[in-house]
Amino acid sequence: MPVRNLRRVNGLTILEARDPRMRQLRRAGHVAEIHGNKVWNSSFLVMQHLKRHPLPKRTRVLEIGCGWGLLGLFCAQRFDCRVHGIDADANVLPYLQLHAEVNSVQMTAERRSFEQLSTAFLAEFDVILGADVCFWDDMARQLYNLIRRARRAGVSQTIIADPGRPPFDALAERCAARLDGVERLQRRLSRPVRAYGELLLT
Ligand SMILES: C[S@@+](CC[C@H](N)C(=O)[O-])C[C@H]1O[C@@H](n2cnc3c(N)ncnc32)[C@H](O)[C@@H]1O
């Protein structure tokens with residue numbers, strides 16, 4: 001049986017590491033430094049949520065810690081959203097652009113960290129999405145402050161998904177204790193991947 005270099009998930013093509021185009025990027029020195037070396041399962045949890053709660057057409061979406069950007073590309077493809085990604089690691093961005101090309105979907109992206117997202121920058125977006133972006137202790141504080149700036153900026157919803165790591169739990173508890181209208185949803189998936197985790201909606 002031939003070895004496949006890609007998989008199809010939620011209407012998107014995701015290239016495997018052995019795909020020649022992926023190998024070429026690695027050979028060119030684009031090696032992820034902060035865990036952006038694959039598509040993480042939390043992205044699929046947010047996609048599942050958005051299938052049940054679709055975004056309005058042309059929603060301006062910011063994907064934070066976007067990695068390869070499959071979640072953002074899903075929003076652009078499925079709901080015709082205008083999507084921008086940010087990631088602290090510039091090495092992930094060529095993988096995002098490759099997946100945008102392979103899927104014939106447009107998404108812009110740039111290197112920026114959570115703490116570099118000012119209120120004025122966030123005011124350009126309606127919705128913020130982040131999948132598996134709260135894995136170090138300090139990220140709970142950074143993301144809490146980001147959520148507060150986003151609210152001030154008029155962002156209508158922020159969704160962060162996580163398999164349930166302690167920093168995410170700290171973030172979710174802090175949001176629930178200090179902010180209005182916070183929801184925590186447990187989610188389980190068996191297809192397209194087996195995944196379990198939580199969504200924090202603020
Ligand atoms: C576990 S990966 C998840 C990638 C993607 N969201 C997914 O679900 O496949 C975490 C991503 O967050 C990025 N990241 C880590 N710290 C960050 C920060 N302070 N600001 C922005 N991005 C950050 C990493 O470079 C990495 O791409």
Side-chain angles (χ1 to χ4, degrees), residues 6-7 9-10 12-17 22 25-26 29-50 61-78 81 83-100 102-103 105 107-118 121-122 125 127-150 155 158-171 187 189 192-200:
L6 57 84
R7 57 188 166 136
V9 179
N10 289 335
L12 291 166
T13 296
I14 304 178
L15 300 177
E16 300 288 356
M22 300 286 277
L25 290 180
R26 283 198 302 280
H30 300 297
V31 177
E33 291 171 353
I34 330 177
H35 302 301
N37 58 321
K38 62 174 187 175
V39 184
W40 290 73
N41 283 350
S42 296
S43 282
F44 302 118
L45 294 179
V46 184
M47 290 181 205
Q48 179 208 38
H49 177 81
L50 294 176
V61 174
L62 176 66
E63 186 182 359
I64 56 170
C66 57
W68 296 3
L70 269 299
L71 175 56
L73 293 172
F74 172 81
C75 295
Q77 185 184 67
R78 189 142 181 144
C81 292
V83 188
H84 187 65
I86 67 95
D87 199 291
D89 182 0
N91 285 312
V92 301
L93 303 179
Y95 296 90
L96 184 153
Q97 287 310 334
L98 175 58
H99 280 92
V102 164
N103 286 288
V105 175
M107 171 171 170
T108 55
E110 66 180 311
R111 179 187 193 170
R112 257 182 213 253
S113 69
F114 304 143
E115 293 192 299
Q116 289 172 328
L117 305 178
S118 66
F121 179 89
L122 295 171
F125 301 96
V127 169
I128 297 176
L129 304 176
D132 224 323
V133 290
C134 195
F135 47 89
W136 289 334
D137 287 345
D138 204 33
M139 288 171 162
R141 179 189 60 79
Q142 292 172 10
L143 289 169
Y144 176 74
N145 289 335
L146 168 53
I147 288 168
R148 291 198 55 199
R149 291 198 298 283
V155 172
T158 299
I159 304 177
I160 312 271
D162 195 87
R165 296 191 178 89
F168 172 82
D169 203 47
L171 168 66
R187 289 287 177 255
L189 268 184
V193 296
R194 255 181 219 283
Y196 174 79
E198 197 174 327
L199 302 185
L200 172 66

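One-based numbering, in listed order, for ligands and for the atoms of each. We count residues from 1, following the sequence as given. Model, not experiment: these values are computed from the prediction.
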Worksheet, complete the sentence: ligand 1 to Met139, heavy atom cutoff 4.0 Å, flagged ligand atoms 15 (C), 16 (N)

Worksheet item: With a 4.0 Å cut-off on heavy atoms, is Glu115 touching ligand 1?
Response: no

Practice prompt. Would you mind running through ligand 1 and noting each atom that sits below 4.0 Å from a heavy atom of Lys38?
Written response: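 So the answer, numbered in order with elements, is 9 (O).
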
Worksheet item: Taking atom 7 (C) of ligand 1 as the point of reference, which of Ser43, Ser42, Gly69 owns the nearest heavy atom?
Response: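 Comparing heavy atoms across Ser43, Ser42, Gly69, the nearest one to atom 7 (C) of ligand 1 lies in Ser43.
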
Worksheet entry | Contact check, side chains of His30 and Leu98, non-hydrogen atoms, under 4.5 Å |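 No, side chains not in contact.
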
Fill in: Atom indices of ligand 1, in the order listed, that fall short of 4.0 Å to a heavy atom of Val39
9 (O)

Fill in: From CG (Asp132) to OG (Ser43), nearest 0.5 Å
8.0 Å

Practice prompt. Look only at interatomic distance and state if Asp87 has a nitrogen or oxygen under 3.5 Å from any nitrogen or oxygen of ligand 1.
Written response: yes

Fill in: Interfacing atoms of ligand 1 (cut-off 4.0 Å, heavy-atom, Asp89)
25 (O)

Worksheet item: Parallel under 30°, tilted from 30 to 60°, perpendicular over 60°: which one fits the rings of Trp68 and His99?
Response: parallel

Worksheet entry | Ala88, any N or O under 3.5 Å of ligand 1 N or O | yes

Worksheet item: Has ligand 1 got any nitrogen or oxygen that is less than 3.5 angstrom from a nitrogen or oxygen of Asp132?
Response: no

Worksheet item: Does the side chain of Val102 come within less than 4.5 Å of Leu6's, by heavy atoms?
Response: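 In short, these two side chains do not touch, never coming nearer than 4.5 Å.
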
Worksheet item: Considering only heavy atoms from C-beta outward, does the side chain of Leu45 approach that of Leu189 to under 4.5 Å?
Response: yes

Discussion item. Taking distance alone, with N or O pairs closer than 3.5 Å, would you say Ser113 contacts ligand 1?
Written reply: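 N/O-N/O distance below 3.5 Å does not exist for this pair.
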
Item to complete: Run the numbers for me: atoms of ligand 1, each under 4.0 Å from some heavy atom of Gln142, listed by number.
Response: 19 (N)

Discussion item. Test side-chain contact (heavy atoms from CB on, under 4.5 Å) on Leu143 and Thr158; report intermediate values, then the result.
Written reply: CA-CA 10 Å; Leu143 289 169; Thr158 299; over 6 Å; no

Fill in: Protein heavy atom at shortest distance from atom 24 (C) of ligand 1
Ile34 O, 3.1 Å

Fill in: Residues in side-chain hydrogen bond (donor to acceptor under 3.5 Å, both in side chains) contact with Asn10, at least two apart in sequence or another chain
Lys51

Worksheet item: What protein heavy atom sits nearest atom 4 (C) of ligand 1, and how far off is it?
Response: Gly65 O, 3.5 Å

Worksheet entry | Any Arg78 side-chain heavy atom under 4.5 Å of Met47 side chain |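 With C-beta onward as the side chain, the pair stays apart.
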
Worksheet entry | Close approach of Phe135 to ligand 1, heavy atoms, under 4.0 angstrom | yes

Discussion item. So, regarding Phe114 and ligand 1 (criterion: nitrogen or oxygen to nitrogen or oxygen, under 3.5 Å), is there a contact or not?
Written reply: yes

Worksheet item: Heavy-atom distance under 4.5 Å between the side chains of Val31 and Asn91, does that happen here?
Response: no

Worksheet item: For ligand 1, which atoms sit closer than 4.0 Å to a heavy atom of Gly36?
Response: 26 (C), 27 (O)

Worksheet item: Is the shortest heavy-atom distance from the side chain of Phe114 to the side chain of Val133 under 4.5 Å?
Response: yes

Practice prompt. Output yes when the distance from some N or O of ligand 1 to some N or O of Val133 is under 3.5 Å, and no in every other case.
Written response: no

Practice prompt. Evaluate salt bridge (charged side-chain N to carboxylate O under 4.0 Å, His left out) for Arg149 paired with Glu115, printing each intermediate quantity in order.
Written response: CA-CA 10 Å; Arg149 291 198 298 283; Glu115 293 192 299; over 6 Å; no

Worksheet item: Rounded to the nearest 0.5 Å, how far apart are CG of Leu70 and CH2 of Trp40?
Response: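 So the CG of Leu70 and the CH2 of Trp40 are separated by 14.5 Å.
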
Worksheet item: For atom 9 (O) of ligand 1, what's the nearest protein heavy atom and its distance?
Response: Trp40 N, 2.8 Å

Fill in: Per-atom contacts of ligand 1 with Arg112, taking only distances under 4.0 Å to non-hydrogen atoms
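Here the atoms of ligand 1 in question are 21 (C).
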
Fill in: Note, Tyr95 side chain near Arg26 side chain (heavy atom, < 4.5 Å)
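They are in side-chain contact.
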
Worksheet entry | ligand 1 versus Cys66: contacting region, heavy-atom distance under 4.0 Å | backbone

Practice prompt. May I ask you to identify the nearest protein heavy atom to atom 2 (S) of ligand 1, giving residue, atom name and distance to one decimal place in Å?
Written response: His35 O, 3.5 Å

